[in-house]
Visitor: 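Have a look at the structure that comes next, please.
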Amino acid sequence: MTDTLIGPELREQACQTGSDLPCREYDADLWFSEQPTELEFAKSLCTDCPVRLECLTGALDRHEPWGVWGGEIFEKGNVVARKRPRGRPRKDAAVVEQAAQAELAARTRELALAGVAVS
């Protein structure tokens with residue numbers, strides 16, 4: 001794995017691959033929103049990012065407290081399947097949470113194959 005890149009180095013690496021970084025094109029508040037739907041949108045923008053793995057690795061190394069990093073949601077320094085909305089949980093919350101946890105487990109396995117250790 002390459003060294004963790006931050007700041008302008010990420011942009012340079014993205015330019016070399018012919019891409020731009022979604023986190024630099026969209027409003028930065030999107031990656032730190034309190035709204036679960038906005039966080040899911042930010043995650044989807046990270047999907048095709050050329051430096052996704054480096055971003056995620058850096059966030060894990062720095063123990064980022066919150067936000068979307070490398071296509072994953074961080075809350076209190078941990079990767080979570082989804083951000084729970086404010087208020088009382090819906091009646092189907094357990095089913096939705098199980099599906100989100102299964103999806104996170106699948107992504108974690110994929111990242112492990114790519115050499116990124118997600119705890």
Side-chain angles (χ1 to χ4, degrees):
M1 182 71 48
T2 61
D3 292 334
T4 302
L5 303 175
I6 58 173
E9 293 87 4
L10 283 176
R11 180 168 288 288
E12 288 173 21
Q13 184 176 346
C15 289
Q16 290 173 359
T17 63
S19 304
D20 207 355
L21 304 175
C23 58
R24 304 292 171 108
E25 292 180 1
Y26 289 83
D27 183 10
D29 290 341
L30 182 63
W31 276 261
F32 300 96
S33 176
E34 289 293 322
Q35 301 298 320
T37 53
E38 290 181 357
L39 292 176
E40 291 299 324
F41 178 61
K43 280 175 49 177
S44 72
L45 292 173
C46 293
T47 303
D48 296 325
C49 182
V51 293
R52 179 175 164 253
L53 291 178
E54 290 85 354
C55 178
L56 179 58
T57 301
L60 290 166
D61 290 346
R62 292 186 308 271
H63 304 287
E64 286 292 341
W66 65 297
V68 174
W69 297 91
E72 298 294 337
I73 298 174
F74 282 74
E75 190 170 290
K76 298 180 182 172
N78 297 311
V79 175
V80 296
R82 67 180 186 89
K83 181 163 176 64
R84 186 179 164 273
R86 292 180 184 235
R88 186 175 183 173
R90 297 171 45 142
K91 289 181 181 181
D92 63 348
V95 174
V96 171
E97 184 62 27
Q98 285 177 339
Q101 289 296 335
E103 183 181 324
L104 177 62
R107 287 195 314 269
T108 302
R109 282 190 298 274
E110 289 174 14
L111 290 169
L113 291 174
V116 177
V118 179
S119 56

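Numbers for residues simply follow the sequence, beginning at 1.
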Visitor: Can you tell me how far apart CG (Leu56) and CG (Asp61) are? Round to the nearest 0.5 Å.
Guide: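 The distance works out to 9.5 Å.
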Visitor: Quick check for you: to the nearest 0.5 Å, what is the distance between Trp69 atom CH2 and Leu60 atom CG?
Guide: 11.5 Å
Visitor: Where do Cys46 and Gly70 come nearest, in terms of heavy atoms and distance?
Guide: CB-C, 4.3 Å
Visitor: Between CD of Gln35 and CG of Asp29, what distance do you get to the nearest 0.5 Å?
Guide: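 Here the interatomic distance stands at 12.5 Å.
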Visitor: For residues Leu39 and Val96: do they belong to one hydrophobic cluster (side chain heavy atoms under 4.5 Å, members Ile, Leu, Val, Met, Phe, Trp, Tyr)?
Guide: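 They do not share one cluster, since no chain of ILVMFWY contacts under 4.5 Å joins Leu39 to Val96.
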Visitor: To the nearest 0.5 Å, tell me how far Glu25 CD sits from Leu30 CG.
Guide: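 The CG atom of Leu30 is 12.5 Å from CD of Glu25, to the nearest 0.5 Å.
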Visitor: Do Val68 and Phe74 come within less than 4.5 Å of each other through their side chains, counting heavy atoms only?
Guide: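 Result no, sub-4.5 Å side-chain heavy-atom pair not found.
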Visitor: What residues form a salt bridge (Lys or Arg N to Asp or Glu O under 4.0 Å) with Arg107, not counting sequence neighbours?
Guide: Glu72, Glu103
Visitor: Determine whether a donor-acceptor pair (N or O, by modelled atom type, separation under 3.5 Å) exists between the side chain of Ser44 and the backbone of Phe41.
Guide: yes
Visitor: Please report the closest heavy-atom contact between Arg52 and Thr47, naming both atoms and the distance.
Guide: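 Looks like CD-O, 4.0 Å.
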Visitor: Is the OH atom of Tyr26 crowded by more than 12 outside heavy atoms at less than 6.0 Å?
Guide: no
Visitor: About how many Å separate CG of Leu45 and CD of Glu40, when rounded to the nearest 0.5 Å?
Guide: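 These two atoms lie 11.5 Å from each other.
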Visitor: Taking all non-hydrogen atoms of both residues, which atom of Trp31 and which atom of Pro22 are closest, and how far apart?
Guide: CH2-O, 3.4 Å
